[in-house]
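Notes for the one structure printed next.
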There are 2 protein chains.
Amino acid sequence: MQLEKRQLSQSEENYIKAIYALSETCEDTISTNLLAERMSTKASSVTDMLKKLTDKELLTYQKYQGCGLTPKGRAIALSIVRKHRLWEVFLVDKLQFGWDEVHEIAEQLEHIQSTQLTNRLEAFLGYPKVDPHGDPIPNDEGVFDTPAVRVSLASCETGSKGIVMGVDDGSPEFLQYLNKIDLKLGSEIEILEKLSFDGSLLIAMEKRTIQFSHVVAARIFIQPYQS
Amino acid sequence: MQLEKRQLSQSEENYIKAIYALSETCEDTISTNLLAERMSTKASSVTDMLKKLTDKELLTYQKYQGCGLTPKGRAIALSIVRKHRLWEVFLVDKLQFGWDEVHEIAEQLEHIQSTQLTNRLEAFLGYPKVDPHGDPIPNDEGVFDTPAVRVSLASCETGSKGIVMGVDDGSPEFLQYLNKIDLKLGSEIEILEKLSFDGSLLIAMEKRTIQFSHVVAARIFIQPYQS
DNA sequence: CTAAAATTTTAGACGTGTCTAAAAAATAGT
DNA sequence: ACTATTTTTTAGACACGTCTAAAATTTTAG
Ligand SMILES: [Mn+2]
Ligand SMILES: [Mn+2]
Ligand SMILES: [Mn+2]
Ligand SMILES: [Mn+2]
């Protein structure tokens, strides 16, 4: 998969990354409006960009039918995700930033163009498998190293136990809340009770009990014990 | 000196930096053509940019009279130079890049916006005073830490001795040549002979003798021994 | 001092990326 | 099936940064 040499603008890269992220979570064909909302821009701007990226053979897209990444587009998305997550590890592990402070900076650093830099950074960091929020880091070929099973807390049954393996990194405020209750990657959690009427959870974590709303629980991912 | 919040484009930053660099070496008022050549662009593009930066109060500029930096502009230039040189130290010290490989990557990294990142990077690197080419690194206030005396080899007399304190970092090829002859920062040098007709030098370095053209000698800077 | 040459600016154009408003197509409701 | 609504695209505009060609200004030389 020889990419390289094609150099995309930061805008183009951000669109590619957003389409990749939406493809992972939502259905496989991404609507113009969904992408517009994600990019905080207007649908008309999105349409223009979809045309351009389609011309560059990074997207499959047909009028009114939504879009998806081509293999070439996906490879580029993965290289950006790789850089983003490696830089987040650097910021947290080496420069002592908090996990709530790194996303914005990584949004800039992910656009630095140098395969050599990325690979040497990875080696310098000791070939980390996950970023500070538990998200997996693809290797130079865009392959993830068989990620651990991760299940949303919201989808677990009463009585389940597990270890926190990931958290949603979308909002600094949420991560700061997790700081406050001292929840980290690796924390042990047990679901004591699940309140069906509002979806909130009572959980035990290191001898304390905490109440999580459904929204919070949906953003925390654990590896359940097989007990 | 509160700057911040004013965010410049990468283009604007590159112009500011180039004007700063030219102000250091050449006279204090920079001509449009000189800047155009440095930026590898056309004089008309330069004129447009000079107007814009003057509107932002980063330049003093009057039609046909050339330009110079305002204090605010100079502060911005220094913050970019600071970032460039700190990242170069990172690349060489931590990621084992050669001093001939770092300039291009630092050209990108110098535009990352986060004062906190810059300051933490500086601490992580152990508050280096110079970059891998011997150029001084300004502190967070834009102040250089009383740099060592640095004299161009070309301007030294026969018989002078000194330690290499800096080299021109403008071209990777030149730096690779220095690699080949094993000249580094810290190398001890003695000028054995100075050929007046072509300005070339015969120098001794660690028990070897090497011939330098005037062009090469002008790009190497030493701290002379006071003997 | 004046004409030629060099430098610098202006005028007009183009590509990128964005926007608003209007048109076109798809979807939903009756 | 036929509107009404929503989604998406098109049309036209604007800011940015660049270019070429032409005009204006400054500098150099006779
Ligand atoms: Mn992130
Ligand atoms: Mn992350
Ligand atoms: Mn450099
Ligand atoms: Mn340097």
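Naming convention: chains lettered A, B, ... in sequence-line order (proteins, then strands); numbering from 1 in each chain.
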With sequence neighbours excluded, tell me which residues meet side chain to side chain donor-acceptor pair (under 3.5 Å) with Arg85(B).
none
Whole Å only: how far is the CD atom of Gln62(B) from the P atom of dT25(D)?
15 Å
Proximity to the side chain of Met49(A) - top-ranked nucleotide from dT10(D), dT18(D), dT18(C)
dT18(C)
Closest to the side chain of Asp48(B), out of dA21(C), dT18(C), dC19(D), is dC19(D)
Given the ring of Tyr20(A), does Arg74(A) sit roughly above its face, with NZ or CZ under 6.0 Å from the centre of the six-membered ring and within 45° of the axis?
no
Sorted by chain and number, sequence neighbours left out, side chain to side chain donor-acceptor pair (under 3.5 Å) with Lys17(A) holds for Glu107(A), Glu110(A)
Which residues pass the ring pair (Phe, Tyr, Trp, His ring centres under 6.0 Å) test with His133(B), not counting sequence neighbours?
none
For a quick test of your reading: what N or O donor-acceptor pairs under 3.5 Å do the side chains of residues 170-180 of chain B make, sequence neighbours left out?
unit_1    : atom_1 : unit_2    : atom_2 : d
Ser171(B) : OG     : Phe174(B) : N      : 3.0
Gln176(B) : NE2    : Asp100(B) : OD2    : 3.0
Asn179(B) : OD1    : Trp99(B)  : NE1    : 3.0

Using a cut-off of less than 4.0 Å, is there contact between a side-chain N or O of Thr41(B) and OP1 or OP2 of dC19(D)?
yes
Partner set under side chain to side chain contact (heavy atoms under 4.5 Å, CB included) for Val164(A), not counting sequence neighbours
Val167(A), Leu183(A), Leu185(A), Ser187(A), Ile189(A), Ile220(A), Ile222(A)
Show me the pairs that pass salt bridge (Lys or Arg N to Asp or Glu O under 4.0 Å) and involve residues 37-48 of chain B, at least two apart or across chains.
none
Taking the ring of Phe90(A) and the ring of Phe90(B), is the distance between their centroids below 6.0 Å?
yes
Protein and nucleotides 24-26 of chain C: nitrogen or oxygen contacts under 3.5 angstrom:
unit_1  : atom_1 : unit_2   : atom_2 : d
dA25(C) : O4'    : Tyr64(A) : OH     : 3.2

Could I get the full list of ring pair (Phe, Tyr, Trp, His ring centres under 6.0 Å) partners for His111(B), not counting sequence neighbours?
none
Nearest whole angstrom, please: distance from the C1' of dT7(C) to the OH of Tyr61(B).
12 Å
Mind checking side chain to side chain contact (heavy atoms under 4.5 Å, CB included) for Thr54(A) and listing every partner two or more places apart, or none if nothing turns up?
Leu59(A), Tyr61(A)
Tell me whether the side-chain N/O atoms of Lys42(B) come closer than 4.0 Å to OP1 or OP2 in dT8(C).
no
Counting only pairs under 3.5 Å, give me each side-chain donor-acceptor contact of residues 144-151 of chain B, with atom names and distances, residues two or more places apart or in other chains.
unit_1    : atom_1 : unit_2    : atom_2 : d
Arg150(B) : NH1    : Gly134(B) : O      : 2.6

Mind listing the residues from residues 30-40 of chain B sitting with a heavy atom below 4.0 Å of DNA chain D? Number order is fine.
none
In whole angstroms, how far is the P atom of dT18(C) from the CG atom of Leu50(A)?
12 Å
Under 4.0 angstrom between Ser45(A) side-chain N/O and dT18(C) OP1 or OP2:
no
Starting at atom NZ of Lys51(A), determine the distance to atom C1' of dG15(C), rounded to an integer number of angstrom.
15 Å
dC16(D) C1' sits how many Å from Asp55(B) CG, rounded?
14 Å
Residues in contact with DNA chain D, drawn from residues 9-21 of chain B - heavy-atom cutoff 4.0 Å:
Ser9(B), Ser11(B), Tyr15(B)
